[in-house]
Participant: 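Please see the structure below; I have some questions.
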Amino acid sequence: LSFISNLKKSDRQTVKKQKSIKLKVTFDKFIADKEKEVMPDTVMQYNTSFNFFFELLGEDYDLRQLDKKQAVIIKDAVKNKAANSEKGRNKETLAVKKINLYLKNFDAFLCWCDDEGLEVKSKLFTRLKFKETSSNSDKRRPYTANEILAVVNYKSSDKREAAAFREDAYWFPKIALYTGMRLNEISYLTVDDFCVEDGIHYISLFDKDLKTGSSNWKIPIHSKLIACGLLNLVESRKKEKLKIVFKQSRVGKDKPNKYGWGEKVSRWYNRACLKRIGIDKDIESENGYMVDFHSLRTTFISCCKRKGLSGYIVKQIVGHMDDDDITFGTYGSEVSTKL
C-alpha cells in the first residue's frame, strides 16, 4: 500500500510539473506577439523589465504560484533596484515613473496570459503602482530659446566626437526638434517614408504603438529641415540605392540592441552635446527636471501649445491617440498658451 501511495504521489507531481507555466518560455511567446503590434523601443522596454524579473524569480518560475503576496514582494524588489544596474552603476534607485513602468509591463504580460487561456492571476500589479507627483518625479522641461539655437547650430570642436556617425548626429536632434519624433523612430526612417502630397513634403509612418489597428501617421517636414538639406539627403540615398536614411548609427551592428539603433546618437547627445552647450544634467535633476534627447519632443509639443495649435492637430503630428491626454497634460505641462 505504501508503494502504491508513493506511485500516486509521484504521478501527481509529474502532472503538476508538466502543467507548470514557466516564466521565460511564456514571455518568449508574449514578446513574439508584441513584436508584431508595438514599436521596437516598446519591445526593448519589455525586455529590459523582464531581464530583471528573470534574475529575480528565475527563468523556470511557475507563474501559477504568482499571487498578491508574491506581487508585493516583486514590487518591493523593483522599488529597491539600482537605477543603472544594467550599466554597472548602482548609486540610485529607480524613479517612481520607472518603477511603475516595470509593474505595468508585468501586468500587461499577465493580462496576455489570461487572454491566452493560461491559468494565471491577472491584474495583480494594477493597485500596487505608486502615485506619481511633482515631488517624486523628474519632469522633462522644454529647451529655452537660447538652448534651441545652441542645439540647432551645434558644431563639435573635437574631431573625435561622434566621428563614426557625424552625419547622423547632425540630423537626429534637428529632426526631433522640428517634428517631435522619438529617437528610435528617426533611426528607422527609410527613403520610402518620405512622401509628397499637394506640394507638401511629409514623413509617413505606421505607428504600431497606437491601439487603433492601422494608423497612417503623417508628419509635415518643416521648412527649416528642407532648407538644411534633408530632402537632398533622401535623394542621395535613393541614388546610392540604399533604403535606410541614417546608416552610420548601424555600422558594426547586425541588429539593434536593447537600446535600439539610436543608442550611439543618444549616448553622444546626452553625455557630450548637452554638456558642451551648457546644460548640467545633475543640476537639472536637483531642480526636479530631466533634460535629454527626448526633451526635444517635449520642446516641439510645448511650442505647439504655446502657439495655440489645436490639440487634435498636435496629436496627429506626434502620433498620440485622439483620447490620450498625454499630449498637453504631460509633454506640454510646463508651458501655457501664449496670451
Side-chain angles (χ1 to χ4, degrees), residues 39-42 44 139-156 162 165-190 193-194 201-205 207 209 217-231 233-234 244-250 256 259-277 279 281 284 289-307 309 314-320 326-327 330-332 334-335:
M39 294 289 286
D41 52 344
T42 304
M44 174 191 76
K139 280 188 176 182
R140 282 190 174 89
R141 68 162 177 84
Y143 291 100
T144 65
N146 288 336
E147 289 168 348
I148 291 171
L149 284 173
V151 170
V152 171
N153 298 319
Y154 181 79
K155 290 181 181 178
S156 173
F165 52 95
R166 183 66 61 86
E167 188 175 55
D168 290 6
Y170 171 83
W171 282 111
F172 274 51
K174 291 178 178 62
I175 293 173
L177 184 62
Y178 286 111
T179 66
M181 289 178 67
R182 302 174 183 91
L183 179 114
N184 274 327
E185 289 165 352
I186 299 170
S187 72
Y188 276 90
L189 283 174
T190 69
D193 294 327
F194 289 79
H201 292 275
Y202 67 94
I203 296 170
S204 178
L205 296 180
D207 184 14
D209 264 341
W217 178 15
K218 296 179 180 180
I219 307 170
I221 300 176
H222 199 286
S223 56
K224 294 278 188 181
L225 293 174
I226 295 174
C228 287
L230 180 58
L231 298 182
L233 176 67
V234 174
I244 301 299
V245 176
F246 301 109
K247 54 186 180 178
Q248 292 181 340
S249 304
R250 304 188 178 209
Y259 300 109
W261 288 116
E263 182 199 5
K264 290 180 181 178
V265 175
S266 176
R267 195 189 306 123
W268 157 77
Y269 184 87
N270 294 328
R271 296 182 186 178
C273 182
L274 287 180
K275 187 176 180 180
R276 286 182 169 87
I277 66 173
I279 294 177
K281 295 186 71 173
E284 294 288 343
Y289 290 111
M290 179 166 45
V291 183
D292 54 12
F293 188 93
H294 203 66
S295 298
L296 295 165
R297 178 174 171 87
T298 301
T299 303
F300 175 84
I301 296 175
S302 297
C303 285
C304 290
K305 181 179 181 181
R306 190 181 292 114
K307 295 286 186 181
L309 266 71
V314 180
K315 287 175 191 292
Q316 288 186 66
I317 296 173
V318 299
H320 285 160
I326 192 174
T327 309
T330 299
Y331 283 94
E334 291 297 306
V335 301

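Numbering starts at 1 and runs along the sequence shown. Quick caveat, the model's predicted, so the values are computed rather than measured.
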Participant: Exactly one of Met181, Glu185, Lys218 should register a side chain to side chain contact (heavy atoms under 4.5 Å, CB included) with Ile203. Which one does?
Facilitator: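 Only one of Met181, Glu185, Lys218 forms a side chain to side chain contact (heavy atoms under 4.5 Å, CB included) with Ile203, namely Met181.
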Participant: Measure the spacing between SG of Cys228 and CD1 of Ile175 and express it to the nearest 0.5 Å.
Facilitator: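 One finds 10.0 Å between SG of Cys228 and CD1 of Ile175.
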Participant: Check side chain to side chain contact (heavy atoms under 4.5 Å, CB included) between Lys275 and all other residues, then give those that pass, not counting sequence neighbours.
Facilitator: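 So Lys275 forms no side chain to side chain contact (heavy atoms under 4.5 Å, CB included) with any residue.
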Participant: Give the intermediate values and the outcome of side-chain contact (heavy atoms from CB on, under 4.5 Å) for residues Leu189 and Leu205.
Facilitator: CA-CA 9 Å; Leu189 283 174; Leu205 296 180; 3.9 Å; yes
Participant: Please check if the distance between the ring centroids of Phe172 and Phe246 is under 6.0 Å.
Facilitator: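 Yes, they do, as the ring centres are separated by less than 6.0 Å.
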Participant: How long is the span from the CD1 atom in Ile226 to the NE2 atom in His201, to the nearest 0.5 Å?
Facilitator: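 So the gap between those two atoms works out to 5.5 Å.
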Participant: Enter the distance from Ile317:CD1 to Ile219:CD1 here, rounded to the nearest 0.5 Å.
Facilitator: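 The CD1 atom of Ile317 sits 8.5 Å away from the CD1 atom of Ile219.
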Participant: Roughly how far, to the nearest 0.5 Å, is OG of Ser156 from CZ of Arg276?
Facilitator: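 Atom-to-atom, Arg276:CZ and Ser156:OG are 6.0 Å apart.
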Participant: Restricting to side-chain hydrogen bond (donor to acceptor under 3.5 Å, both in side chains), what partner residues turn up for Tyr202, sequence neighbours left out?
Facilitator: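 side-chain hydrogen bond (donor to acceptor under 3.5 Å, both in side chains) list for Tyr202, sorted by chain: empty.
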Participant: The criterion is side-chain hydrogen bond (donor to acceptor under 3.5 Å, both in side chains); which residues satisfy it with Trp171, sequence neighbours excluded?
Facilitator: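 By the side-chain hydrogen bond (donor to acceptor under 3.5 Å, both in side chains) rule, Trp171 matches no residue at all.
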Participant: For Ser187 versus Arg250, what's the shortest heavy-atom pair and its separation?
Facilitator: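 Between these two residues, the closest heavy atoms are O-NH2, 3.0 Å.
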Participant: Got a second to check how far Cys303's SG is from Tyr143's OH, nearest 0.5 Å?
Facilitator: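 The SG atom of Cys303 sits 12.5 Å away from the OH atom of Tyr143.
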Participant: Within a strict 4.5 Å, meaning less than it, do heavy atoms of the Glu284 and Met290 side chains meet?
Facilitator: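 No - every pair of side-chain heavy atoms lies 4.5 Å or more apart.
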Participant: Could you report the tightest heavy-atom contact between Ala176 and Ile186, atom names first, then the distance?
Facilitator: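 Where Ala176 meets Ile186 most closely, the heavy atoms are N-CD1, 3.8 Å.
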Participant: Please work out whether the ring planes of Trp261 and Tyr188 are parallel, tilted or perpendicular, with thresholds of 30° and 60°.
Facilitator: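 It falls in the perpendicular class, over 60°.
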Participant: Between Thr179 and Leu225, is any pair of side-chain heavy atoms under 4.5 Å apart?
Facilitator: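 With C-beta onward as the side chain, the pair touches.
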Participant: Who pairs with Tyr170 by side-chain hydrogen bond (donor to acceptor under 3.5 Å, both in side chains), at least two apart in sequence or on another chain?
Facilitator: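 side-chain hydrogen bond (donor to acceptor under 3.5 Å, both in side chains) list for Tyr170, sorted by chain: empty.
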Participant: Can you name the nearest heavy-atom pair linking Pro173 to Val151, along with the distance?
Facilitator: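 Minimum heavy-atom separation between Pro173 and Val151: CB-CG1, 3.9 Å.
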Participant: Backbone N or O of Gly180 within a donor-acceptor pair of the Arg297 side chain at under 3.5 Å?
Facilitator: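 Yes; judged by distance alone, with no hydrogens or angles, the pair exists.
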Participant: Backbone N or O of Gln248 within a donor-acceptor pair of the Glu167 side chain at under 3.5 Å?
Facilitator: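 Flag not set: sc Glu167 to bb Gln248 has no pair under 3.5 Å.
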Participant: Look at the side chain of Trp217 and the backbone N and O of Ser204, then say whether any donor-acceptor pair between them is shorter than 3.5 Å.
Facilitator: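 No; judged by distance alone, with no hydrogens or angles, the pair does not exist.
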Participant: Ser266: which residues meet the side-chain hydrogen bond (donor to acceptor under 3.5 Å, both in side chains) condition with it, sequence neighbours left out?
Facilitator: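 Ser266 satisfies side-chain hydrogen bond (donor to acceptor under 3.5 Å, both in side chains) with Asn270 only.
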Participant: Kindly give the heavy-atom pair with the smallest separation between Phe165 and Ser249, and that separation in Å.
Facilitator: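 That would be CB-N, 4.4 Å.
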Participant: Give the minimum heavy-atom separation between Asp292 and Leu274, together with the two atoms involved.
Facilitator: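 What the structure gives for the nearest pair is CA-CD1, 3.9 Å.
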Participant: Applying side-chain contact (heavy atoms from CB on, under 4.5 Å), run through Tyr269 and Leu183 and close with a yes or a no.
Facilitator: CA-CA 11 Å; Tyr269 184 87; Leu183 179 114; over 6 Å; no
Participant: Using ring-ring contact (aromatic ring centres under 6.0 Å, His included) as the criterion, list what pairs up with Phe300, not counting sequence neighbours.
Facilitator: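 Per chain and number, Phe300 pairs via ring-ring contact (aromatic ring centres under 6.0 Å, His included) with no residue.
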Participant: Do the numbers put Arg271 on top of the ring of Phe293, so that NZ or CZ is under 6.0 Å from the six-membered ring centre and no more than 45° off the axis?
Facilitator: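 The answer is no, since Arg271 fails at least one limit relative to Phe293.
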Participant: State, to 0.1 Å, how close Gly262 and Asn184 come at their nearest heavy-atom pair, and which atoms those are.
Facilitator: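 Scanning both residues completely, I find the closest heavy atoms to be N-OD1, 3.3 Å.
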Participant: Quick one: CG on Leu296 to CZ on Arg182, what's the gap to the nearest 0.5 Å?
Facilitator: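 One gets 13.5 Å once the value is rounded to the nearest 0.5 Å.
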